Amino acid sequence: MHRIGVFICWCGSNIAATVDVEKVAEVIKNEKGVVFSANYQYMCSENGQQLIKKAIKEHNLTGIVIGSCSPRMHEQTFRRAAESAGLNPYMVEVANIREHCSWIHKDKVEATEKAIILVRTAIAKVMLNAPLTEGESPVTKRALVIGGGIAGIQAALDIASAGFEVDIVEKNATIGGRMAQIDKTFPTLDCAACILTPKMVECAQNDKIDILTYSEIDYVQGFVGNFTVTIKRKARYVDEKKCTGCKVCMDACPSKKGLNEFNMNMNNRPAIYIPFAQAIPNVAVIDPAQCIKLKTGKCGLCQMKCGAGAINYEMKDEYIDRKYGAIVVATGFKPIDLKDFNEYAYADSKDVITSLELERLMNAAGPTNGTLLRPSDKTHPHDITFIQCVGSRDVSGCGKPYCSKICCMYTAKHAMLIREKYPDTKVHVFYIDVRTPGKNYDEFYRRAVEQYDVDYIKGMVGKIYPQPNGKLLVQGSNLIDNEQVLIESDLVVLATAIEPEPSVRKVATLLATSIDTNNFLTEAHPKLRPVESPTAGVFLAGVVQGPRDIPETVAMASACAAKVIGLLVKDSLKTNPCIAQSNENMCNGCSQCANVCAYGAISYIDKEFRLGGGRTEVRRVAYVNPAVCQGCGACTVTCPSGAMDLKGFSTKQIMSEVEAICKK
C-alpha cells in the first residue's frame with residue numbers, strides 16, 4: 001500500500017508569487033495514495049527538512065514528492081533528509097514548479113494548474129519507484145589537464161602540490177599558451193614571461209607532473225574517478241630524451257621560409273625549430289610540411305649536425321592509454337578570423353594588425369626585437385589608431401555577440417606603453433564603451449587618458465582606406481561631438497574578439513560535456529558550481545568557459561585544482577543506482593545498445609534458456625556492468641526489442657507520468 005507525502009515549497013516569493021501553493025497542496029491531498037500534504041515557505045531550510053522527517057515518521061510514508069525548484073539544486077538535500085528519517089532516498093521525487101511554472105508564467109491561474117499537473121506526475125512516478133542502493137567504485141588517483149597555458153599550468157601545480165600525479169597534454173610543441181606571447185600584463189605592467197616562465201620551469205621540475213607536448217586527446221571512455229584516455233603523441237622527429245636544445249640543427253637547416261606561428265606569422269623560422277627561447281620542453285620539433293628530407297628524402301643536414309643523435313626521420317605518431325580520476329579542460333582561446341571584416345582592410349594592408357600581433361612587435365623576442373616598426377616599410381609609426389570591439393558585441397552575425405572582456409584593458413596598456421616609449425607618437429582609440437571590471441583597472445585606464453594623453457573617441461569606425469602615400473585613412477564617428485572623423489594613420493591596431501580554441505569542440509564531444517552556441521563549455525551552475533561541468537569529474541578553467549583575464553584564469557585553475565584534490569583524496573565514490581538493466585527474455589543480442597554506450601558498460605554473454613519439453617537453447621544477450629553504467633539512458637531508447645530499461649526511470653514509470661498529465 002502506497003503512503004505518499006507531498007510538500008509544496010513557496011521558495012520565498014519565487015514560487016508563491018505566481019503559484020497558489022496552498023491550493024496546490026489542497027488539491028493534491030485528494031490524489032490516490034497521498035496521505036499527507038503540506039506547504040512551507042522554505043522547504044530546503046532546516047525547519048522545512050524537519051517537517052519532512054516528522055511526516056515520514058508520523059505517517060509511515062513510503063514515498064515523498066517535493067514541489068520546489070529544480071532537482072539540480074536541492075534533490076540531494078531532500079534525499080538526505082528522507083534517508084535520515086529511515087526512507088530510501090530514491091523514493092523521493094522532485095516536481096520542478098519554479099523553473100517550469102513560476103518563472104515562465106505570468107498568469108497565476110495557469111501557473112497553479114500546471115503546478116498541480118507536475119506534482120501529480122511526480123506522484124504517479126514515485127508510486128512505481130523501488131528502493132535502490134548505491135554501489136561503490138574505486139578512484140584512480142591521477143589527474144589529466146588538457147591544455148598547457150597558464151590555466152593548465154596553475155591547475156597542474158596545485159594538484160601536484162597535494163601529492164597527486166598529473167599529466168598535462170598540450171597540442172603545441174611547448175607549454176605556455178597565449179600568455180607566453182604577451183609582452184606586459186595589465187594593470188601592473190609586469191613582464192609576462194618573467195611571471196610565467198618560473199611556473200613553466202616548476203612544472204618541468206616537478207616529479208609529479210608529466211608534460212606531454214605535441215599531443216592531443218584522441219579518445220575518452222569511463223566516468224568520474226575512472227576515466228580511460230587515449231592520447232595521441234604526434235611525431236616531432238626529435239627524441240625528447242636526447243635533444244639538448246643547442247639549436248645547431250636550426251642553423252644548419254636550409255629551409256628557412258616557414259611562418260613563425262609564435263610571432264603571429266610575422267617572420268620566418270627554419271623547418272626544425274624551438275618555438276621560443278624559454279620553451280618547455282626545450283626540444284626542437286620538425287615541421288613535416290616544410291622539411292625537405294621528409295618531403296623529398298633528400299637533405300638531412302640537421303641530422304648530420306646533431307651531436308646528440310636526437311633527430312629521427314622514421315619517428316611515427318604513437319598512442320598511449322592512461323587512467324585518470326579527474327579531468328581539467330583548459331584549452332584556451334584564439335583571436336577570431338578577420339576574413340569577414342573587409343571594412344578594416346586587414347587583408348589589404350600590412351599596416352592593419354591585431355592586438356596580439358602588436359604584442360609580438362613590442363616584445364624584445366619578437367620579429368623586430370622590440371622596436372615598434374610598420375610591417376610594410378619598417379619605419380617608425382607616428383600616428384596610431386586603435387579600434388575596439390572588432391568582432392565583439394556584434395549581433396550582425398559576422399562576429400561574436402559577447403564582450404571579450406580583456407580588450408579595453410590591453411588597448412589601454414598598449415597605448416600607455418607606446419606613448420611612454422615613443423612620446424612623439426599620437427595614439428587614438430575608437431571605443432563603444434570602456435569596460436574596466438577589476439581591481440585597479442579603472443585607475444589604469446584613467447592613467448592612459450590623463451597621464452599619457454591618449455585620445456579616446458567614443459564612436460565606431462566605418463571604413464579604413466589604404467592611401468597611395470602608404471598611410472591609412474580611418475573614417476569613423478565621434479558620438480559625443482556628433483561628427484564624422486577622418487584620421488590619417490601610419491598603423492591601425494584591431495582589438496579583435498577572442499573565441500575558444502577550435503579543438504574544444506572535439507574535446508567537448510569526447511568528454512560528453514555541454515557546449516554553448518559560441519563554443520564555450522557550460523558550467524554545471526553559473527553561481528554555485530562555476531568551475532564544474534555537468535559531466536561529473538570534468539572541470540573547466542580559463543577561457544574555455546568564457547572570456548577571462550589572467551588573474552581570473554589563475555583563480556579558476558586553482559578552484560579546479562581544489563575540486564580535483566577533493567575528489568582524488570577519496571578511495572571510492574558512490575555510484576548511481578539508476579542504471580540500465582536488460583530483460584534477458586526479450587533481448588535478441590543485436591548489439592545496438594552496446595554501440596551507443598559511451599561508457600563501454602554493455603557486453604554480451606551466452607546464456608542457456610529452458611524451453612518446453614526439457615529442451616534448452618543458448619542465446620546471446622546483453623549484460624550491463626553496474627560499476628561502469630552511468631544511467632544515461634541511451635541504450636533504452638536504442639533497443640528495438642524494448643529489452644533494455646533504466647532503474648528509477650523505467651518505461652512504465654515514464655508512461656505513468658504521461659498518463660497523469662493527460663488525467664482530467
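Note that these values count all heavy atoms, side chains included, but never hydrogens, waters or copies made by symmetry. As the structure is a prediction and not an experimental result, all values here were calculated from the model.
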Results of side-chain hydrogen bond (donor to acceptor under 3.5 Å, both in side chains) for T535 - residues two or more places apart only: none

Electrostatic pair D433:K458 at N-O distance under 4.0 angstrom: yes

Distance (rounded to the nearest 0.5 Å) between M266 CE and T368 OG1: 7.5 Å

Side-chain heavy atoms of R233 within contact of S215, under 4.5 Å: yes

Close side-chain approach of T174 and M200, heavy atoms under 4.5 Å: yes

Expected output: side-chain D490 to main-chain H382 donor-acceptor under 3.5 Å: yes

Test item: Q290 side-chain N/O and S255 main-chain N/O as donor-acceptor pair under 3.5 Å: yes

Exercise: identify the closest heavy-atom pair between L479 and G459: CG-CA, 4.0 Å

Approximate separation, where rounding is to 0.5 Å, of N369 CG and L361 CG: 11.0 Å

salt_bridge(E359, K413) N-O dist < 4.0 Å: yes

Check: G370 main-chain N/O paired with N363 side-chain donor or acceptor under 3.5 Å: no

Exercise: do D383 and H428 side chains pair donor with acceptor under 3.5 Å: yes

Contact list for residues 534-559, test ring-ring contact (aromatic ring centres under 6.0 Å, His included), sequence neighbours left out: none

Salt-bridge criterion met for D190 and K184 (N-O under 4.0 Å): no

Audit row: I464, I387, side-chain contact (heavy atoms from CB on, under 4.5 Å) steps and yes/no: CA-CA 11 Å; I464 295 176; I387 304 175; 3.7 Å; yes

Residue pair V166 / A160: nearest heavy atoms and the distance that separates them: CG2-N, 3.9 Å

Side-chain ion pair, K234 and E216, N-O less than 4.0 Å: yes

Plane angle bin for Y410 and H414 - parallel if under 30°, tilted between 30 and 60°, otherwise perpendicular: tilted

Validation row: F227, V220 side chains within 4.5 angstrom (heavy atoms): yes

Test ring-ring contact (aromatic ring centres under 6.0 Å, His included) applied to F262 - qualifying residues, sequence neighbours left out: F276

Pairwise side-chain contact, E499 with N519, heavy-atom cut-off 4.5 Å (strictly under): no

Within-4.5 Å side-chain heavy-atom neighbours: S514 and D516: no

Worked verdict on T354 versus Y346 for side-chain contact (heavy atoms from CB on, under 4.5 Å): CA-CA 9 Å; T354 67; Y346 180 75; 3.8 Å; yes

Check: Q545 side chain, P530 main-chain N or O, donor-acceptor pair, under 3.5 Å: yes

K421 vs L372 side-chain heavy atoms within contact, under 4.5 Å: no

Check: C389 main-chain N/O paired with S392 side-chain donor or acceptor under 3.5 Å: no

Minimum-distance pair of heavy atoms, taken over all atoms of A557 and A541: CA-CB, 4.0 Å

Side-chain heavy atoms of C203 within contact of I168, under 4.5 Å: yes

Sidechain-backbone polar pair: R419 side chain, Y452 backbone, donor-acceptor under 3.5 Å: yes

Exercise: do N206 and E202 side chains pair donor with acceptor under 3.5 Å: no

Distance-only donor-acceptor check, side chains T385 and S489, under 3.5 Å: yes

Nearest heavy atoms of V454 and A415, plus distance in Å: CG2-CB, 3.7 Å

Gap between atom CD1 of I280 and atom OG1 of T213 - 0.5 Å precision: 10.0 Å

Side-chain donor or acceptor of S355 paired with backbone N/O of L494 under 3.5 Å: yes

Straight-line distance of N478 CG to M460 CE, nearest 0.5 Å: 14.0 Å

ring-ring contact (aromatic ring centres under 6.0 Å, His included) partners of F520, counting only residues at least two apart: Y402

Shortest non-hydrogen contact between A151 and T553, atoms and distance: CB-CG2, 3.4 Å

Test side-chain contact (heavy atoms from CB on, under 4.5 Å) applied to M362 and I418, step by step: CA-CA 9 Å; M362 297 176 68; I418 290 170; 4.0 Å; yes

N482 atom CG, neighbour heavy-atom count above 12 within 6.0 Å: no

Partners meeting ring-ring contact (aromatic ring centres under 6.0 Å, His included) with Y431 (sequence neighbours left out): Y456

Rounded distance (nearest 0.5 Å) linking atom CG of L521 with atom CG of N518: 12.0 Å

Charged N-O contact under 4.0 Å between D455 and K426: no

Check: K463 side chain, A345 main-chain N or O, donor-acceptor pair, under 3.5 Å: no

K378 atom NZ: more than 12 heavy-atom contacts under 6.0 Å: yes

Return a table of donor-acceptor pairs under 3.5 angstrom between the side chains of residues 281-289 and protein atoms on other chains or two or more places apart.
unit_1, atom_1, unit_2, atom_2, d
D287, OD1, A289, N, 3.0
D287, OD2, R269, NH2, 3.0

Donor-acceptor under 3.5 Å (T496 side chain, I336 main chain): no

Side chain E170, main chain I175, donor-acceptor under 3.5 Å: no

Q451 and M416, any side-chain heavy atoms less than 4.5 Å apart: no

Criterion salt bridge (charged side-chain N to carboxylate O under 4.0 Å, His left out) on R178 and E501, from CA distance to verdict: CA-CA 11 Å; R178 292 293 178 191; E501 270 288 334; 3.6 Å; yes

Side-chain donor-acceptor pair present, T230, D218, cut-off under 3.5 Å: no

Heavy atoms of other groups near K350 NZ, more than 12 under 6.0 Å: no

K563 atom NZ, over 12 foreign heavy atoms within 6.0 Å: no

L473 vs L486, side-chain contact (heavy atoms from CB on, under 4.5 Å): CA-CA, chis, key distance, verdict: CA-CA 7 Å; L473 187 63; L486 290 174; 4.2 Å; yes

Closest non-hydrogen atom pair, V145 against G152: CG1-CA, 3.4 Å

Atom pair CG/CG of D183 and L358 - distance to nearest 0.5 Å: 9.0 Å

